[in-house]
Amino acid sequence: MEALFRRFPSLRERLPRVVLADLPTPVTALDLPSRLGGGIPLFVKRDDLSAAPYGGNKVRKLELLLAAARRDGAAEVMTFGVAGSNHALATALYAERAGLRSISILTPQRNAGYVRRNLLAHLSCNGELHHYADERAAATGAAWQRLRHRRATGLTPLRIPGGGSSALGTVGFVNAAFELREQIEAGVLPEPERLYVALGTMGTAAGLALGLQAAGLRTRLVPVRVVRESIGNVEGMAALFRRTSALLHRLDPGFPLLDMDPRHARIRHEQFGEKYAAFTEAGMQAVRLMDEVAGLALEGTYTGKAMAALLADLQAADRRPASALFWLTYNGRDMSPLIAGRDYRRLPAAFHAYFERPLQPLDIVA
Ligand SMILES: *Cc1c(COP(=O)(O)O)cnc(C)c1O
């Protein structure tokens, strides 16, 4: 959060945070062969290395969300996602580090190797997991669990929305854009024409869009939708942008009250495929390619699809960028210390099916 605080010092006092992330995350050059459309400046923002033992984009949000929970005197946080949610895992791991217990309310999803790994990693911390058959059952289940925990502890678990994408969580990505500006000013990379990022619960994209505008960068955001449109859409992104701008303006009137520039609203839909977490040929090709040419670990639900949009644009005469930055939002830390020797049968029974049923056909690693 230092980059934002350097520009708006009074926010330091008003935005409590727990330091989890190792910032700034590095920026590395992406050298693509010319057959893939290389030959222009391409860079990767390495949020895969944002923290240990588990990196990825959720850490930036959790620094603020977990600090607010502690400030409000909560003992437990409750959050939401699908069975293999990166956000639920990050919340469980880092809540424990912040001295909080966590409860995850999870719903079904397409099976994949990373779902198994994330579930096993939950066994390395004290988080409580619940699996409900659909979103309606999850809502009822969450209400029941809230009551049960309040009866046991005398305190209501603090609610963290799915993906951590409240206005407060989104501030973590406003900071990320100021961090990027500092890296541009330091000569780490030239100001990129475009910034490609996966669009899920939208906190990452909305925060970056707000941060780019507030930091005075001309870079255009290219959000690549990987969730159904009722979850990721322009109206929702603009609303989260405004709420986050209003929150920061309230905390420091020097922070501008902004509306989202429509340049950032040109959401890409064509990589989504059949449904959330259903891998696509183009997405998995991007995953394989980044492993081969750059040694980067992407996955099929978010970053493969986002990278597929950039790779397609590099080949398209009318959409080819002059330069681009890819925001790598997936965890890049080796998870084996978290999962070695863990037995899935210690998970609640509803999760065993992810280990006993096949992975989706396009998944490349078990
Ligand atoms: C959650 C997530 C995203 C999307 O971020 P949002 O802020 O939810 O839009 C992208 N990539 C990965 C790997 C994620 O886990």
Side-chain angles (χ1 to χ4, degrees), residues 25 44-51 54-65 79-94 104 106 109 112-115 117-118 121 160-177 195-211 221-234 236-241 243-244 264 267-268 271-272 276-277 279 283 286-287 290 296-310 326-333 335:
T25 57
V44 180
K45 180 65 168 158
R46 302 293 303 274
D47 271 15
D48 55 325
L49 305 175
S50 61
Y54 187 69
N57 65 336
K58 301 309 183 303
V59 179
R60 291 183 186 270
K61 305 173 182 181
L62 287 168
E63 287 200 324
L64 295 146
L65 295 167
T79 200
F80 306 85
V82 291
S85 165
N86 300 317
H87 163 70
L89 175 58
T91 302
L93 290 170
Y94 292 116
S104 294
L106 305 177
Q109 73 161 103
Y114 80 88
V115 178
R117 288 192 293 278
N118 282 3
I160 293 179
S165 288
S166 62
L168 183 63
T170 298
V171 168
F173 274 92
V174 178
N175 175 64
L195 193 173
Y196 287 75
V197 68
L199 180 77
T201 59
M202 305 189 291
T204 304
L208 285 173
L210 174 56
L221 195 71
V222 182
V224 182
R225 179 171 66 85
V226 304
V227 292
R228 62 175 197 265
E229 213 166 350
S230 58
I231 295 183
N233 54 69
V234 175
M237 186 178 155
L240 183 53
F241 179 109
R243 281 194 285 127
T244 308
H264 300 310
I267 295 177
R268 299 286 291 274
Q271 300 296 337
F272 177 53
Y276 171 80
F279 296 175
V287 172
M290 286 305 118
L296 295 172
L298 276 57
E299 41 62 67
T301 298
Y302 295 94
T303 48
K305 289 177 180 177
M307 179 56 83
L310 170 54
F326 180 78
W327 207 284
L328 183 39
T329 47
Y330 182 53
N331 165 58
R333 299 286 179 196
M335 291 181 71

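Positions are given from 1, in the same order as the sequence printed here. Both counts, for ligands and for their atoms, begin at 1 and track the order of listing. Any value given below was found using the heavy atoms of this structure, including those in side chains, with hydrogens, waters and symmetry copies removed.
With values rounded to the nearest 0.5 angstrom, K305 atom NZ is found 8.0 Å from F279 atom CZ. From N118, atom CG reaches atom OH of Y54 across 4.0 Å, with rounding to the nearest 0.5 Å. Rounding to the nearest 0.5 Å gives a distance of 5.5 Å between CG of L310 and OH of Y196. To the nearest 0.5 Å, the span separating CD1 on I231 from CZ on R225 amounts to 10.0 Å. Rounding to the nearest 0.5 angstrom, the gap separating the CE atom in M202 from the CD1 atom in I267 is 7.5 Å. Between atom CG of residue L199 and atom CE of residue M237 there is a gap of 6.5 Å, rounded to the nearest 0.5 Å.
For atom 8 (O) of ligand 1, the closest non-hydrogen atom on the protein side is T201 OG1, 2.5 Å. The protein heavy atom nearest to atom 11 (N) of ligand 1 is T329 OG1, 2.6 Å.
Remark: distances from the non-hydrogen atoms of H87 to ligand 1 are all 4.0 Å or more. Within the 4.0 Å heavy-atom shell around ligand 1 one finds G200.
For ligand 1, none of its N or O atoms has an N or O atom of G163 under 3.5 Å away.
Under 4.0 angstrom from ligand 1, the non-hydrogen atoms of Y302 all belong to its side chain. Residue contacts with ligand 1, taken as heavy atom pairs separated by less than 4.0 Å, involve K58 solely via side-chain atoms from C-beta onward. Under 4.0 Å from ligand 1, the heavy atoms of N57 that appear belong solely to its side chain.
For ligand 1 and K61, the ligand atoms under 4.0 Å from any heavy atom of the residue are 6 (P), 7 (O), 8 (O). Near Y330, with a cut-off below 4.0 Å to any heavy atom, the atoms of ligand 1 are 13 (C). Here is the list of ligand 1 atoms found below 4.0 Å of a heavy atom in N86: 13 (C), 14 (C), 15 (O).
Relative orientation of the Y302 and Y276 rings is perpendicular, given thresholds of 30° and 60° on the angle between their planes.
For the residue pair D47/T25, the side-chain donor-acceptor check at 3.5 Å is satisfied.
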